[in-house]
Structures are given as C-alpha cells and as structure tokens.
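These values consider heavy atoms only, across backbone and side chains, with no hydrogens, waters or symmetry-generated copies. Numbers here simply count residues along the sequence, with the first being 1. We count ligands from 1, going down the list as the structure has it; atoms in each ligand are counted the same way. Everything quoted here is computed from the prediction, not taken from an experiment.
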Amino acid sequence: MKKIMLTTAVSCLSLLSIHAAEQKQIRISTDNTDLILQVEDNGRLYQSYFGEKLLNEQDLKNLSWNIREASDQTVTPYGWEVYSCSGNDDYFEPALSVTHNDGNMTSYLYYQSSSSQPVEGGIETIINLKDDKYPLNVTLHYIAYTKEDVIKAWSEISHQEKNPLILSSYASTMLYFNAPSYYLTEFSSDWAKEVRMSSQQLQFGKKVIDTKLGSRAAMLVQPFFEVGINQPVEENQGQVLMGTLGWTGNFRFTFEVDNKENLRVIPAINPYASNYELKKNEVFKTPEFIFTLSQQGSSLGSRNLHQWARNYGLKDGKGSRMSLLNNWENTGFNFNQDILSQLMKEAKDLGVDMFLLDDGWFGNKYPRKNDGAGLGDWEVTHDKLPGGVPALVDAAKQAGVKFGIWIEPEMVNPKSELFEKHPDWVIKQNNRETYYFRNQLVLDLSNPKVQDYVYGIVEDIMVENPDVAFFKWDCNSPITNIYSPYNKDKQGQLYIDHVRGLYKILERVKENYPNVPMMLCSGGGGRCDYEALKYFTEFWCSDNTDPIERIFIQWGFSQFFPAKAMCAHVTSWNRKASIKFRTDVASMCKLGFDLGLKDLSKDELSYCKTAVANWERLQNTILDGTQYRLVSPYQTNHMALNYVNEDKSKAVLFAYDIHPRFQEKIMNVKLQGLDPSKNYKVEEINLMPSSNSRLQANNKVFSGDYLMKVGIKVLGGGDLQSYVVELTAQ
Ligand code: DGJ
C-alpha cells in the first residue's frame, strides 16, 4: 500500500516538474474590475480572482492559495481551470470537448505563452495553451475596455492531427464565482412578447438557457443574462454579472453550481446537432462573449454596456439616427405608387427624416400580395409599382425625405421563381414532410452561391438606386427540417456554417455600402446580438407596439442595448392609449411612426409634429446621453427613466403611469446623473395643443442636488398618462 502511495506521489512530482512552468499571473483589468488568471505549478491556467479591482499590487500574490481554499481540493487541486476540457480532473461542465484521432476524448491544456497589447479602447491579452499529448492548441483572447468596464472574451481552437478532430462543445470562455448564493435573470421571448424578465435562484446542478432555432435564433430567449451575486439583481446596488454572446445563431449559456457552491458560467455556441469536424490547421473561432461586472447593480452595468456599444460595438455607434414613417402597420401589403407618394408627403409634413417602405413591393410571377408567396424574387411588382424603386426614390426626393426599403433576403417562399429554379438552395429534407414557418423556408447560407445571391439583392437595389438610404433586413423563419443539400457530408456544421455564411454576406454589404444604415429585424426582436450589430445601426425590438407592452420590452432591451439601437414606432396598437402616450413611449428610443396620419385629429397631428421636433432637438441627449432607469414597471404601476448629456447641461425625463392604484402612495421621482451643483430649469414638453402642464415643478428651477435627493412629482396623473420633461442647466 505504502509502495503504491509512494509511486503515485513520485509520478505526481514528475508530472509537476515536467510542467513546472513559471507561476505566471495574468491580470485583465478595467478601471473597476480585475480578472486574474494564474499559471499553477502544474503548468495549467486557473482563474484566481474575478471581482472589484484590487488596489494593491502586492496583494495579488495571495490570490492563488485563496482560491485553492474555496475550490474542492479533492477534485480540482488548483481551483478553477480557465478553459477546462472534457476528460480531465474537473468533474463539472467543461469549456471544450474533443475527440482525438485515436478516439481519446480527454484533453489537458498547458500554458505556453501570453502577451498583451493596446487595441482600440483597451488592452488585448492573448494566452496560448497546448495539450502535452496531442497537437491541440487553444488561444484565449480577452479585450479589457478600460473606461467602460467591459471585457470581451473569445477563443480559438486548432490542431495538427492528421484527420479532423470532433469538437462536441466549444465555449467562448468560462467564469467562476465563489459566493453564498446566485440569482439568474433571464429574458424569455416569443413573437410580440420579447424580453420577459424573470429571476430565479441557482441551486446545485445546471441551469441551461439555449436556443435551437438556427436563424431567428433569439425568438424564444435572448442571448443575454444577468447574475446577481449573493442577492437577486437590483437596479442600483449589489454585484451583477451581465453577459451577452455575439452570435446570430444557436447559443447556450450554462450556469453550474458545484458541490462547493461555486458557480461556473459558460457562454457558448449551442453544440446541439453540431459535432464540428475541425480540419488540421483550421482555426475554430468562437463568438465573442461581452460582459461587465457591476458593483452597483444592473443600472450601472447597462450604462457600461451602452457606452461600450456606442464606442465599439454598434455599427455607426457615434452617428445620429433617422426618425421615420413606416407603412407596414398602416397599409400592410395594400399600396401602390400613389399611396406611397402620398405617405412620403405625410412623412415630410410630420417632420421625420425618412419614409420606409415595408414588405409587399416585389414578385411578378408570384406577386407578394400576402406572406404566402414571392419571397426570393426581388424584382419590383410591375403592375403595382410601374416606375419601380427609382420612381419611389424620386417621389421621396420630391417630398423632401429619404427613402428606405424592407428586404428579407435569407428566406424563400416555395411559391417563388427562386424556389422553382434553385430548390437545392434551401434548407429542407426532401424525404420528410416539410414544416413551414410563415409559409417560408430558409436559404442555405453555407452555400457560397447562395451567399452571392443574397448579397446581390442589396447590390442590385443599390446599383439601380444609389440614393436608397436605409434597409430594414427582416428574418421571419427559424430553420426547420435542417439539412443542407450543399455540403452533404458536413451536416454537423450546418448550424454554424449557416451563421458564418450570413456574416460573410453582411461583411460584403458593410464593405461596399458602409454608410447605409440598416435595421436588424426578425419578426420583431427575434435577432439581437452584438455580432449582428457590427453590421446594423439599430434593431426592431418587437412587432408589439402596444405602448404598455413596449414599456416592459424597452426596459428589458435597455439592460443590454443603448436607446440609439432600439427602434420604437408609434402605431395604432392599443388605441385606448392616447397618441401622446404612444408617442412618448416611442420617444425614449429611436423614434418612428407607423400609422395612418390621416386618422389623427388636427390636435393629435399637431402634437405629433411637436414631439418629432422635440425628439430631433434632444436626440443628442436621448440617444447619446447616459441612461438612468428610475422606476421599474416590474415593481410598480409606473415607469420612469432619464437621460443626461455628456456635460450634464441637459437632461430628459420620461415618466409613465400605467395604472395607478386607488389612493396609491405616489413617490417623487428622483433623477440621477445630474450635476448636483448646477441649477436646472424644469419644463414639461410634448404637451397636447392648448393643454397646460399639470406638473407643479414646471418652469421652476432646482439644483441638481435637489432633483436627485428630493425629486419632483411627475407620476400619479391617472391611467396611461405620460410626461416628458426637459431639464436645462441655467
Ligand atoms: C415582420 C416584421 O417584424 C414587421 O415589422 C414587418 O416588417 C413584417 N415582418 C413584414 O412582413
């Protein structure tokens, strides 16, 4: 017995000496957060700290043993391996699972080297790891955006084995927490009920949030989450991890609480039906995981992400946005040249920047009269619009507005010439019954010919009409009956290659038309992630434009996206709500209209024009300012938030009563983010013609300090009342 123990000890020692690498510490820091990784004396890389920034460099040396105490030494003697692999000494969910050429399913990664270099906005750290028995390499990347307190992490996997390796899981990164309890907030969705926030305590075992829809991947749950450390997520206090994956396809977040009540968070592409055959020397790059660790609740975390998005994440994040009039909710498919020309004049009269033509303008053999035909045939319907797109662009010019156009280029109706010509360009299984979602199928974007075709849709429109100023890019169907006729023996890669194909198309669009803004739309908000938003200036949050629902939806998306990226349109969903209420709700994001202006009374129209002018005037504060969520619709019958511009000379407060209860105690709304030493004039704007403000504070001057500590009474006016208040430093 003694002998066996001795042999084990000796072999352990020799293993240690083989890998007795320098005990290197790698510090990934933002202004307020430290993620510290440590090469242990076995040569492998572990997370030794993730939390509030440490102030004293000399304390870092103590981290290693601290983490060993917290972890289960019988299982993981060194703590939490940063990119742990299947089949090694960790008993919980790995980052990477590989089957090697000889059938071996274990991998151990050892630290090789690391470097860091300045990149736009921060510092990139690159860490090279390698298996000691197989030629398997993993490179970990982290970019720490110092000022914004945001970190972006991804990994690259490659090998030099003779035949392809099978990857059966491939995370972007892994993060660990050691706290008494953890509370997850997730954002479930469906058509017209996007981002429903719900919270639960994470208990022992795994909680998985994933999607298997292929395209329109976020229809049922969004690719972002929050974890409250030691308490449920709160707006303004407590530690919160907020993370989102930049992947416009199947994703999976795994939250696993282990036997020592430590939590690991694993953001990844969902490996569902996706055993990936990685060829020799091919580099598998995972999606970027973007995260922030706020010490003061989700409100600060959101501000970090908003700022990061405008600076680095969003296409044209610093540019302005166009207000618009869309025709979808107004005309549906029933329009012609005259109707559209008239709407363009109405757009001008309203004061918006652009007219956006929606679905229904294309298809000849199978005209797009409804959603049952025509998708794929991107030629103008001649008898509906005889002058084609050029006549529409001209009409817009004459009216004095810009012209934008809707496309859904990744899809096809079986009733289309495209499908007749190229049935093999479609994802479907010929030997099974076809399942249609909105009467359509998804084109196989893994096929380069299909990529060319889809790119060509944009190019054809732009070549014929260089003045087209905007695209709304829709995607209504998930992938059903997954099978690619293009790459028959690579079905396990289709979900991934399809998304990569989409990025190749979008890259070409961005390269050739860098200044054409685009709205990302997916049957409402079924697609919303920061990889797609590298190519899109904004996204459509939901087809649900009932302003009450929108209050919740916009609150939900605001957790991760700046108002500048969130399109909000005034429609006639919920006519019980006044036009003022509907417009005031849309005005807190990127404003648009999608209703028959002719149906409005004179006063209502005049109100809308004033609201558009106010929004344009205050765009810089609303879209580029800092957002403070003040009153949650999830906790009250109200909602309020305010924006403050960069030099704190201007703020805009939006406040809404949904349904005040009888004799409800209504508190003042305390603003945030103002300069306490400045004095601000308070003015209610967006008033209906000939009505006066009911706010006591209207036209009075208060210090920022007072407004933030005492606040003003803006709520409690009654059902579906809204208030837009402009604050100007004197
Ligand atoms: C779904 C989108 O969400 C709507 O805004 C509209 O563009 C329709 N598609 C058109 O079919």
Atom indices of ligand 1 within 4.0 angstrom of Gly524 heavy atoms, with elements
3 (O)
Nearest-contact summary for atom 2 (C) of ligand 1 - protein heavy atom, Å:
Asp474 OD2, 3.3 Å
Region of Asn476 that comes within reach of ligand 1 [heavy atoms, distance under 4.0 Å]
side chain
Is ligand 1 under 4.0 Å from a heavy atom in the side chain of His569, in the backbone, in both, or in neither?
neither
Phe654/Tyr723 aromatic ring centres below 6.0 Å
no
Would you check the N or O atoms of Trp406, main chain and side chain alike, for any that come under 3.5 Å of an N or O of ligand 1?
yes
Looking just at side-chain N and O atoms, do Trp328 and Asp359 make a donor-acceptor pair shorter than 3.5 Å?
no
Look at ligand 1 and say whether Met519 reaches it with a heavy atom at a distance under 4.0 Å.
no
Looking only at atom types and distance, does a side-chain atom of Asn364 sit under 3.5 Å from a main-chain N or O of His382, one as donor and one as acceptor?
yes
Close approach of Lys472 to ligand 1, heavy atoms, under 4.0 angstrom
yes
Give me the nearest non-hydrogen protein atom to atom 4 (C) of ligand 1 as residue plus atom name, then the distance to 0.1 Å.
Asp543 OD1, 3.4 Å
Taking only non-hydrogen atoms of Gly523 and a 4.0 Å limit, the atoms of ligand 1 in range are 1 (C), 3 (O)
Heavy atom of the protein closest to atom 7 (O) of ligand 1 (residue, atom name, distance):
Asp358 OD1, 2.7 Å
Just say parallel, tilted or perpendicular for the rings of Trp361 and Trp378, cut-offs at 30° and 60°.
tilted
Any heavy-atom pair between the side chains of Trp615 and Leu591 that's under 4.5 Å?
yes
Report yes or no: is the cationic atom of Lys580 (NZ for Lys, CZ for Arg) closer than 6.0 Å to the six-membered ring centre of Tyr607, at no more than 45° off its axis?
no
Answer yes or no: is there a donor N or O on one side and an acceptor on the other, between the side chain of Glu346 and the main chain of Leu325, under 3.5 Å?
no
Polar proximity ligand 1 side, Cys521 side, N/O cut 3.5 Å exclusive
no
Asp359 N/O to ligand 1 N/O under 3.5 Å
yes
Using the side-chain hydrogen bond (donor to acceptor under 3.5 Å, both in side chains) definition, which of the options Asn326, Asn327, Thr331 pairs with Asp358?
Asn326
